[in-house]
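Inspection log for the structure reproduced underneath, given as structure tokens.
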Amino acid sequence: MPELPEVETTRRGLAPHVEGRRITGVVLRRPDLRWPIPREVAELLPGQRIEQVRRRAKYLLLDTQAGSALLHLGMSGSLRVLPAATPVKAHDHVDIELDDGSRRVLRFTDPRRFGCLLWQPPGATHELLRDLGPEPLSDAFGGDYLFALSRGRKAPVKTFLMDQKIVVGVGNIYAAEALFEAGISPLRAAGKVSRDRYALLAAAVKRILAYAIERGGTTLRDYINPDGQPGYFELELSAYGRGGEPCPRCGRALKQAAIGQRATVWCPHCQK
DNA sequence: AGTGCCACCTGTGGGC
DNA sequence: TGCCCACAGGTGGCAC
């Protein structure tokens, strides 16, 4: 899936095509995503105008006066704006039809169905958004913040960094990249990383996420942005997916192992 | 409270 | 060519 840069790239690609448009209909072909799509989506969205497309963590929100559609792309989800006549393919679960004079639809596709489409009433905050940590690119996130929250934690720093209650948006790819850049072993207990090194890690997270957004996200297998274009960050990944290859810094073999059930790549020589 | 592990589901790529 | 297995960008929920 999409980590934060891919979701943000999706948001940016979508916004100009859907903001200000009125929804003329909602087609639910396969409502059994991670959770059932609630009835409000089909009952309240038609007739509404999409005022704004927002992102919080890896969630997207389509705001209307009646409430907000809350989307998560899971591991394999994508959103695209297409001509209404575009043939429907397998795993095209939802169409949100737009009246913009050119008959287009916002189509939600998700082969694995780990994603979701939920509903947030006006003024409410959905339960799933309630306990999320700060946005990594905001001033609320930084080295001192990580240092403070990590004291006493025995879990590996990589697991800690990927915990959305600590900070949102950092998934398996960017956690590996940020730890590589900061020179921190992903296996190190979160509570044993110094304040100075957390400053390096936070800076690496910010730099890498911002750069990945700028480059249109990372493409692995099937990620595409709403315009149907792949991201371009993959060729620039230093660690993720490069187990056994030479470390870009020291040339020794990168190691690969599972940490918290997720494949992790790092350089045992450069990352301590 | 923190941690580790499983589950959800489909597609793909590698090894045989 | 075909079969089988391992693995994939996430994260809620559970047992300890």
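First the proteins, then the strands, lettered A, B, ... as listed; each starts at 1.
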*Could you check how far CD of A:Glu6 sits from P of C:dA8, rounded to whole Å?*
16 Å
*Please report, rounded to the nearest Å, how far the P atom of B:dT3 is from the NZ atom of A:Lys165.*
11 Å
*May I ask you to say what A:Arg262 touches in the nucleic acid, namely base, sugar-phosphate or nothing, with a heavy-atom cut-off under 4.0 Å?*
base
*Please give the nucleotide sitting opposite C:dC16 as a Watson-Crick or G-U wobble pair, both distances under 3.5 Å, or none.*
B:dG2
*Among A:Val7, A:Leu62, A:Leu73, find the one that has a side-chain contact (heavy atoms from CB on, under 4.5 Å) with A:Leu79.*
A:Leu73
*Rounded distance (Å) that lies between atom P of B:dC8 and atom CG of A:Asp32*: 14 Å
*If you look at every strand shown and take non-hydrogen atoms under 4.0 Å, does A:Arg113 touch a base, only sugar-phosphate, or nothing?*
sugar-phosphate
*Assign A:Phe160 to base, sugar-phosphate, or nothing according to its heavy-atom contacts below 4.0 angstrom with the strands shown.*
nothing
*Find the partner of B:dG14: check Watson-Crick (N1-N3 plus N6-O4 or O6-N4) and G-U wobble (N1-O2, O6-N3) distances, both under 3.5 Å, and reply none if neither fits.*
C:dC4
*Heavy atoms under 4.0 Å, any strand shown: does A:Ala263 hit a base, just sugar-phosphate, or nothing?*
sugar-phosphate
*asked:* Both A:Gly260 and A:Leu149 contact DNA chain B. Taking the nearest nucleotide for each, which residue is further toward the 5' end?
replied: A:Leu149
*With ILVMFWY side chains joined below 4.5 Å, transitively, what does A:Leu61's cluster contain besides itself?*
A:Trp35, A:Tyr59, A:Leu70, A:Leu118, A:Leu128, A:Leu129, A:Leu132, A:Val168
